[in-house]
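Each ligand, and each atom within it, is numbered from 1 in the order the structure gives. Computed from a predicted model, the values in this text were never measured in an experiment.
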Amino acid sequence: MRVNGKHYRTVWMQGSSVFMIDQNLLPFEFRIYEAKNYRDSCNAIRTMITRGAGAIGATAGFAMAQAFIESKRNSDVKLADLARKEIESTRPTARNLFYATDRIYKTGLISVEKAVQEAQRLATENIEAARMIGKFGNELIGEGCRIETHCNAGWLGFVDYGSALSPIYTAAGQGKDVFVFVDETRPRSQGARLTAWELQNEGIPHVIIPDNAGAYLMSQGKIDMMIVGADRIAANGDVANKIGTLEKAIAAKEFGVPFYVAAPLSTFDSNCQSGNDIEIEIRNQDEIHYQTGLDAHGKIQKIMVSNPGSEALNPGFDITPAKFITGIITEKGLIKPDSCSIKKIFE
Ligand code: MRU
C-alpha cells in the first residue's frame, strides 16, 4: 500500500536482513525496523513491532530463512532446529506462523538458497491471497455499506492489501461509497491506531468507536455488516481472533447483522477439531495498566491508566463459534463455516 505516495510492503527481506514497518510507533511515527538476524525477527514478533496473522507468518518465514543463512555462515547444523523452536515460541495463536516455519524449514533442509526463495514465495502468495479476498469480499459490499471492523486486519496485518480491510479497499477502489466503524480494540488499540491510519491513508470515510459501542450501534440499525480477520480457524469453522470479536459476533447475531471472517487458507488448522483446541495467548498485564500515546508536546509517552494496586488479566484472543459466523471469505471464495465446506476448499 502507499504511504506518502511511496509503495510499501509491511515486511520484506533483503540480503540476510528482514525489514518491517514498526507498528508500535504508528500512527505517530513511521519508521522501518531492521532485523539483522533471526533473533531480532523473533523479538519483533514477540514485542509486536510486526503483528497480525499474515505479517507474523511472513516474518516467521523470513526468520527461518535467516536461521539457515546463519547456520551455514557459522557451520552450526543444529542452529536451524533451535531457531525453529524459538520462532514458534514467540506467539502461540496465529496459525500462519507455524505454517511458515514448517514450510521454510523443509525447504531449508535442501539448501539455504531454497529457504530464502520459499520465504519470498510465501510472502508473494500472502499478497495474492489478500488481493483475492478483496475481490470476493467486495461482492458482498453494496453501495453505501456501513461496515464495522475489529482490530487491524488491513495491509499492516499482512504483507499487502490485508484480509478484512481488503474487500473495503476493493469496494472503494471501484467507487463504492463505503463507511467504516473502527473498533478502538483495547488494550493495544490496533483499531484506533493502525486501522484508522490505514483508512485515512486510503481516503476512506471512517469513525473510531469504543469497543463496547458496537452492540448499541447495531441495535440502532447503523451497521450493515461486520468483517473481521482471523488468527486460526478450526476444522469445524470456529474462529480465533482478537479479544472482543466474540462479543461482536453475538451482538451481530442478535441484531441480524451479517458477520464475515476474512482469512487465507494458511490460517486454517485441520489439527484443531474445534475452537477448544486453539491456544489463546495471555499477554502481559501492563498492556492494560499502561497506554502509549502522544503528549501535548508531541512526544510519545507511556502513562498508567488503571488502579496501581490491582491485577489485570490480558487474553489476546477469543474464540467465535461457527454458529455466529455468516461466512468465511477466502482467496478461493466465500465458504460456509462448517467442516464439509472447509474440507472441500482444500481439495
Ligand atoms: O495481536 P495482533 O495484533 O497480532 O492480533 C491481530 C488480529 O487479531 C487480526 O485480526 C488477525 O491477526 C488478522 S490480521 C490480518
Side-chain angles (χ1 to χ4, degrees), residues 1 9-11 20-24 26 44-60 90-100 123 126-127 129-134 137 148-169 182-198 211 226-233 239-249 259-269 275 278-284 287-288 314-320 325 328-331:
M1 286 306 218
R9 287 185 173 190
T10 303
V11 56
M20 57 200 88
I21 296 170
D22 187 335
Q23 300 191 34
N24 285 331
L26 287 176
I45 295 172
R46 207 178 288 113
T47 60
M48 296 180 68
I49 289 170
T50 194
R51 38 67 47 207
I56 291 171
T59 307
T90 52
R91 298 186 69 193
T93 309
R95 200 266 173 169
N96 308 59
L97 184 153
F98 303 86
Y99 168 85
N126 175 302
I127 297 170
R131 196 181 63 75
M132 291 304 289
I133 287 171
E148 181 178 355
T149 192
H150 191 67
C151 194
N152 170 259
W155 66 277
L156 289 169
F158 267 74
V159 178
D160 209 340
Y161 293 101
S163 58
L165 296 188
S166 187
I168 295 170
Y169 292 140
V182 179
D183 294 352
E184 68 174 321
T185 316
R186 285 268 299 157
R188 293 182 67 101
S189 303
Q190 286 94 326
R193 293 188 300 114
L194 307 177
T195 298
W197 178 76
E198 282 195 30
D211 291 322
M226 186 145 193
I227 313 180
V228 299
D231 288 270
R232 195 179 293 247
I233 302 176
V239 165
N241 193 45
K242 181 52 56 190
I243 195 77
T245 303
L246 172 59
E247 290 172 13
K248 295 296 156 88
F259 186 90
Y260 293 103
V261 170
L265 301 193
S266 53
T267 302
F268 289 72
D269 186 355
I278 298 177
E279 182 182 347
I280 296 295
E281 180 184 15
I282 304 296
R283 293 189 60 86
N284 191 303
E287 292 185 349
I288 294 174
N314 187 14
F317 302 92
D318 57 26
I319 304 292
T320 298
I325 299 166
I328 303 176
I329 310 164
T330 76
E331 67 266 44

Asn314 side-chain N/O to Asn284 backbone N/O, donor-acceptor pair under 3.5 Å: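 Here the side-chain-to-backbone pair exists.
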Has the side chain of Thr185 got a donor or acceptor atom that lies under 3.5 Å from a matching backbone atom of Ala192?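 No, the answer is negative, given that no donor and acceptor are paired below the 3.5 Å cut-off.
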Min side-chain heavy-atom separation Ile233-Arg95 under 4.5 Å: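 They are not in side-chain contact.
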Numbering the atoms of ligand 1 from 1, which are under 4.0 Å from a heavy atom of [X]?
X      : value
Gln190 : 1 (O), 2 (P), 3 (O)
Phe317 : 1 (O), 5 (O), 8 (O)
Cys151 : 5 (O), 6 (C), 7 (C), 8 (O)
Met48  : 1 (O), 2 (P), 3 (O)
Asn152 : 9 (C), 14 (S)
Ser163 : 15 (C)
Asn241 : 7 (C), 8 (O), 9 (C), 10 (O), 11 (C)

Could you find the nearest protein heavy atom to atom 8 (O) of ligand 1 and give me its residue, atom name and distance?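 Its nearest protein heavy-atom neighbour is Asp231 OD2, 2.8 Å.
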Provide, to 0.1 Å, the distance between atom 15 (C) of ligand 1 and the closest protein heavy atom, together with that atom's residue and name.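 Nearest protein contact, heavy atoms only, for atom 15 (C) of ligand 1 is Phe158 CE1, 3.0 Å.
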Using a 4.0 Å heavy-atom cut-off, say whether Arg91 meets ligand 1 through its side chain, its backbone, both or neither.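 Just the side chain.
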Between Ala153 and ligand 1, find which residue part has any heavy-atom pair under 4.0 Å and reply side chain, backbone, both or neither.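 For Ala153, the contact with ligand 1 is made by both the backbone and the side chain.
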When you look at OH of Tyr161, are more than 12 heavy atoms from neighbouring residues, nucleotides or ligands closer to it than 6.0 Å?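 It does not: Tyr161 OH has 12 such atoms or fewer within range.
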What do the steps show when you test Thr267 against Tyr99 for side-chain contact (heavy atoms from CB on, under 4.5 Å), and what is the final call? CA-CA 8 Å; Thr267 302; Tyr99 168 85; over 6 Å; no
For residues Asn24 and Arg51, is any side-chain donor paired with an opposing acceptor at under 3.5 Å?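 Not at all, the side chains of Asn24 and Arg51 share no donor-acceptor pair under 3.5 Å.
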So which of [options] gets nearest to [atom], if we judge by its closest heavy atom?
atom                    : options               : value
atom 1 (O) of ligand 1  : Glu287, Arg51, Lys242 : Lys242
atom 13 (C) of ligand 1 : Ala230, Gly52, Gly157 : Ala230
atom 14 (S) of ligand 1 : Gly162, Ala53, Gly229 : Ala53

Residues in salt bridge (Lys or Arg N to Asp or Glu O under 4.0 Å) contact with Asp269, at least two apart in sequence or another chain: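 Result, salt bridge (Lys or Arg N to Asp or Glu O under 4.0 Å) vs Asp269: Arg232.
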Set of residues satisfying salt bridge (Lys or Arg N to Asp or Glu O under 4.0 Å) with respect to Glu279, sequence neighbours excluded: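 Applying salt bridge (Lys or Arg N to Asp or Glu O under 4.0 Å) to Glu279 gives none.
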What's the verdict on side-chain contact (heavy atoms from CB on, under 4.5 Å) for Val239 and Ile325, showing C-alpha distance, side-chain angles and the deciding distance? CA-CA 9 Å; Val239 165; Ile325 299 166; 3.6 Å; yes
